[in-house]
Amino acid sequence: MQINEEQFKKFILDGGLVSKTDFEDAIKIAETKKQKISNVLLSEGKISETDLKKTEAFVLGIPFINLIEQKIDVAVLSLIPEPIARNYNIVSYKKSENSLEVAMLDVDDLPVIDFIKKRSGLKILPRLTDAASIRSVLVQYRQSLTAEFQDIIQKESTALNISSEDENKNDLSAQAGGDKIEKSESELKDLAEDLPVVKIVDSLIFHAILQNASDIHIEPGESELTVRYRIDGILHDAMVLDKNAGSGITARIKVLSNLKLDEKRLPQDGRFKIEQNGEKISFRVSTLPTFFGEKTVIRILKENAHGFSLEILGFHGEGLERIHNSLKQKTGMILATGPTGSGKTTTLYTMLDILNRPEVNISTVEDPIEYQMPRVNQTQVKPEIGLTFANGLRSLLRQDPDIVMVGEIRDGETASLAINASLTGHLVLSTIHTNSASGAIPRLIDMGVEPFLITATVKTIIAQRLVRKLTAKKEKYFLSSIELENLGKIVDLGRTLDFLKAEKILGVKDIWEKVPFYKPVKSAESEDGYAGRVGIHEVLTVTQTIREMILKGVSQDEIEIQAKKEGMMTMLEDGVFQAVLGQISLEEIFRVVSE
């Protein structure tokens with residue numbers, strides 16, 4: 001089913017979904033990048049996915065299906081296996097005697113339709129839907145599998161408990177003698193390869209991937225082992241196991257990540273990879289001795305994640321223009337700042353994707369390599385053999401790069417090398433841990449970088465946080481005069497209103513009393529009313545005025561005041577801006593950003 005481009009254009013323009021200028025620009029980009037016009041409109045943030053899919057469905061003459069909040073019978077849902085549903089964005093939702101209605105994002109995916117037809121023996125009726133509907137249905141897979149995983153884990157941990165009774169007896173007798181009997185490395189290895197332990201660890205990892213978790217925390221307590229998943233930046237209790245299961249689970253993870261099994265007194269770091277349903281996933285492992293045993297944290301990184309754009313990450317307006325202007329520079333530094341887990345690296349990768357052209361040589365030094373990028377030379381830091389950020393950067397500068405990305409500036413040596421690289425004809429992208437854009441200046445000075453070198457190299461500083469997005473089901477409300485007064489003590493509402501009017505989100509005569517905000521509502525798609533995350537940002541351009549202030553040694557607060565005078569939107573203001581768009585709640589902004 002091919003979409004008639006002329007019909008598509010007519011419906012898009014007649015419906016006022018995209019301006020004629022934006023559509024013409026999208027055609028040029030589509031021709032250059034050899035992509036579909038619809039994909040360009042979506043990636044450039046010119047149209048919402050739901051509006052796009054409804055238009056495509058109308059042009060094709062097939063129904064558009066909204067599956068959010070729709071409960072699907074488990075027997076019908078299971079006609080398409082969960083890995084197929086997730087990887088190919090297709091779900092079955094309605095079955096008749098001879099046919100099966102399937103909702104999908106790409107109705108031209110004939111091989112997968114043919115696969116499901118052969119598997120089910122039914123006539124397949126494709127329907128278009130959007131990603132939010134697919135996500136909502138995938139949650140139902142998760143809910144149906146949760147009970148199964150719990151059964152496996154409880155059954156296998158019971159088996160572990162039985163096998164550990166002898167160990168407990170040994171511990172008691174050892175305590176009577178004064179010493180606890182520690183397992184040897186060979187005994188720990190045998191335990192790690194024990195079938196119940198392997199099943200538990202496989203289930204924990206698979207369950208975490210299924211829930212789109214970014215981290216797994218395995219925490220020993222006095223009498224139990226707690227497993228928690230970090231989903232959309234928030235830790236959730238996943239399950240509680242008997243404490244005796246802890247040593248086997250930790251040993252299994254150590255075997256996978258090539259760590260020393262018998263070393264329990266010192267922290268260890270390792271990594272391992274798996275391939276699941278054609279998707280490569282890396283795991284970064286950290287163990288830490290605690291009072292009740294070793295705590296293990298596993299960071300989950302999907303290597304072939306792609307499809308980001310600056311607009312999708314949450315950039316807009318003047319901030320977006322400033323970044324695009326900085327990416328046109330041939331030399332200098334662009335810094336992304338924020339705490340761990342604030343999306344800095346994703347922002348850098350998205351900028352690299354924009355810069356990634358055949359005529360330039362891009363090299364990176366990273367720890368770890370989170371996403372693999374074609375045509376980019378990526379180097380993994382290995383401190384244990386002397387390959388640090390500083391040594392790696394020093395070596396890759398001999399490789400004739402045009403653009404350099406340093407995963408993180410952690411020390412004075414790396415900072416000095418990055419500064420020198422930008423002075424000698426390279427565009428350098430990196431991250432640094434500070435709370436605000438203006439805070440990057442004193443941080444670099446604290447690392448030993450001279451102020452005159454900062455003014456000569458640093459062009460743009462981006463500060464960011466990740467906030468949870470509201471689901472489609474949300475509650476509209478308006479702020480009272482008292483609530484507006486309290487909000488005005490934290491955020492400059494006058495400036496924010498001006499930004500909203502400048503980007504034509506609000507009309508010139510709109511006032512705060514008439515502006516709707518939104519609260520989360522629990523639904524089948526999300527237990528807390530949130531799904532996914534988006535960034536809130538502030539983008540500081542180092543202008544001539546700010547350079548002079550840096551040379552004079554003024555405080556970061558004074559630099560921020562000047563940046564605001566020059567049009568910088570702060571993170572709090574950007575948060576309120578996106579709350580007006582209905583993407584996030586005010587409560588979520590204040591959870592992640594302080595004054």
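Residue numbers run from 1 in the order of the sequence given.
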S.K.: Heavy atoms only: give me the nearest Ala336-Leu348 pair and the separation to one decimal.
M.R.: CB-CD2, 4.2 Å

S.K.: For the residue pair Asp528 and Pro520, what are the closest heavy atoms and their distance?
M.R.: O-CB, 3.5 Å

S.K.: Before you tell me yes or no, could you show the steps for Arg271 and Asp367 under salt bridge (Lys or Arg N to Asp or Glu O under 4.0 Å), namely the whole-Å CA-CA distance, both residues' side-chain angles and the distance that decides it to 0.1 Å?
M.R.: CA-CA 11 Å; Arg271 49 178 56 86; Asp367 185 25; 3.3 Å; yes

S.K.: May I ask you to test the Ile323-Leu310 pair for a side-chain heavy-atom distance under 4.5 Å?
M.R.: yes

S.K.: Please confirm whether the backbone N or O of Thr364 pairs with a side-chain atom of Gln378, one donor and one acceptor, at under 3.5 Å?
M.R.: no

S.K.: Identify the two heavy atoms, one from Glu366 and one from Ile369, that lie closest to each other, and give their separation to 0.1 Å.
M.R.: OE1-CA, 3.7 Å

S.K.: Find out whether Ile68 and Ser136 are in side-chain contact, i.e. whether some heavy atom of one side chain is under 4.5 Å from a heavy atom of the other.
M.R.: yes

S.K.: Under 3.5 Å, is there a donor-acceptor pair between the side chain of Ser203 and the main chain of Lys199?
M.R.: yes

S.K.: Quick one: list whatever passes side-chain contact (heavy atoms from CB on, under 4.5 Å) with Lys118, sequence neighbours left out.
M.R.: Asp114

S.K.: For the atom pair CZ (Arg119) and CZ (Phe115), what is the distance rounded to the nearest 0.5 Å?
M.R.: 5.5 Å

S.K.: Is it the case that the side chain of Asn356 and the backbone of Pro374 share a donor-acceptor pair, with hydrogens and angles ignored and the cut-off at 3.5 Å?
M.R.: yes

S.K.: Any side-chain heavy-atom pair from Val285 and Phe272 closer than 4.5 angstrom?
M.R.: yes

S.K.: Okay, side chain of Thr471, backbone of Lys473: is any donor-acceptor separation there less than 3.5 Å?
M.R.: yes

S.K.: Does some side-chain heavy atom of Val227 sit less than 4.5 Å from a side-chain heavy atom of Val240?
M.R.: no

S.K.: Salt bridge or not between Glu101 and Lys95? Use side-chain N to carboxylate O under 4.0 Å.
M.R.: no

S.K.: With sequence neighbours left out, which residue pairs that include part of residues 311-321 fulfil the salt bridge (Lys or Arg N to Asp or Glu O under 4.0 Å) condition?
M.R.: Glu318-Arg322

S.K.: Evaluate side chain to side chain contact (heavy atoms under 4.5 Å, CB included) for Lys117 paired with Leu122, printing each intermediate quantity in order.
M.R.: CA-CA 6 Å; Lys117 182 179 179 180; Leu122 299 167; over 6 Å; no

S.K.: Between Leu470 and Gln583, is the side chain to side chain contact (heavy atoms under 4.5 Å, CB included) condition met? List the steps.
M.R.: CA-CA 6 Å; Leu470 293 163; Gln583 288 215 77; over 6 Å; no

S.K.: Among residues at least two apart in sequence or on other chains, which ones pass side-chain contact (heavy atoms from CB on, under 4.5 Å) with Ser92?
M.R.: Val76, Leu79, Ile80, Leu100, Val102

S.K.: Any sub-3.5 Å donor-acceptor pair from Gln464's side-chain atoms to Ser342's backbone N or O?
M.R.: yes

S.K.: Quick one: CG on Leu301 to OG on Ser282, what's the gap to the nearest 0.5 Å?
M.R.: 6.0 Å

S.K.: Apply side chain to side chain contact (heavy atoms under 4.5 Å, CB included) to the pair Leu60 and Val107, showing each step before the final yes or no.
M.R.: CA-CA 10 Å; Leu60 290 168; Val107 292; 3.8 Å; yes

S.K.: If only atom types and distance count, is the side chain of Asn89 paired as donor or acceptor with the main-chain N or O of Asp106 below 3.5 Å?
M.R.: no

S.K.: Are side-chain heavy atoms of Phe283 and Ile209 found at a separation under 4.5 Å?
M.R.: yes

S.K.: Could you measure the distance from the CD1 atom of Ile584 to the CD1 atom of Ile589? Nearest 0.5 Å is fine.
M.R.: 4.0 Å

S.K.: How many angstroms lie between atom NE2 of His433 and atom OG1 of Thr340, to the nearest 0.5 angstrom?
M.R.: 4.0 Å

S.K.: Does any part of the side chain of Leu427, heavy atoms only, come nearer than 4.5 Å to the side chain of Val404, both counted from C-beta?
M.R.: no

S.K.: Just by distance, do the side chain of Asp237 and the backbone of Met239 share a donor-acceptor pair under 3.5 Å?
M.R.: no

S.K.: Got a salt bridge between Asp215 and Arg284, using NZ or NE/NH1/NH2 to carboxylate O under 4.0 Å?
M.R.: no

S.K.: Of the non-hydrogen atoms in Arg468 and Glu588, which two are nearest, and what is the gap between them?
M.R.: N-OE2, 2.9 Å

S.K.: Would you say that more than 12 heavy atoms from the other residues, nucleotides or ligands in this model lie under 6.0 Å from the OH of Tyr349, or not?
M.R.: yes

S.K.: More than 12 non-hydrogen atoms from neighbouring residues, nucleotides or ligands closer than 6.0 Å to CD on Glu359, yes or no?
M.R.: yes

S.K.: Quick one: pull up CG in Leu352 and CZ in Arg375 and give me the separation to the nearest 0.5 Å.
M.R.: 14.0 Å

S.K.: Would Lys469 count as a cation-pi partner of Tyr530, with NZ or CZ less than 6.0 Å from the six-membered ring centre and within 45° of the ring normal?
M.R.: no

S.K.: Just wondering, do Leu128 and Ile62 contact through their side chains at under 4.5 Å, heavy atoms?
M.R.: yes

S.K.: Locate the shortest heavy-atom distance separating Thr496 from Phe577; write the atom from each residue and the value.
M.R.: CG2-N, 4.2 Å

S.K.: Should the heavy atoms of other residues, nucleotides or ligands under 6.0 Å from CG of Asp269 be counted, would the total exceed 12?
M.R.: yes

S.K.: When you measure from the side chain of Arg230 to the backbone N and O of Gly233, does any donor-acceptor pair fall under 3.5 Å?
M.R.: yes

S.K.: Would a distance-only check, ignoring hydrogens and angles, find a side-chain to backbone donor-acceptor pair under 3.5 Å from Ser257 to Gly270?
M.R.: no

S.K.: Would you say the side-chain atoms of Thr350 pair up with the backbone N or O of Thr346, donor to acceptor, closer than 3.5 Å?
M.R.: yes

S.K.: Within a strict 4.5 Å, meaning less than it, do heavy atoms of the Ile253 and Ile218 side chains meet?
M.R.: yes

S.K.: Would Leu466 and Asp232 count as a side chain to side chain contact (heavy atoms under 4.5 Å, CB included) here? Give the steps.
M.R.: CA-CA 9 Å; Leu466 289 178; Asp232 291 336; over 6 Å; no

S.K.: Measure from NZ or CZ of Lys474 to the centre of the six-membered ring of Tyr518 and say whether it is under 6.0 Å with the direction within 45° of the ring axis.
M.R.: yes

S.K.: Could you tell me whether Lys54 atom NZ has more than 12 heavy atoms of other residues or ligands within 6.0 Å of it?
M.R.: no

S.K.: If you measure from CD1 on Ile298 to CG on Leu204, what distance do you get to the nearest 0.5 Å?
M.R.: 8.0 Å

S.K.: Thr226 and Arg228: which non-hydrogen atoms are nearest, and at how many Å?
M.R.: CG2-CG, 3.9 Å

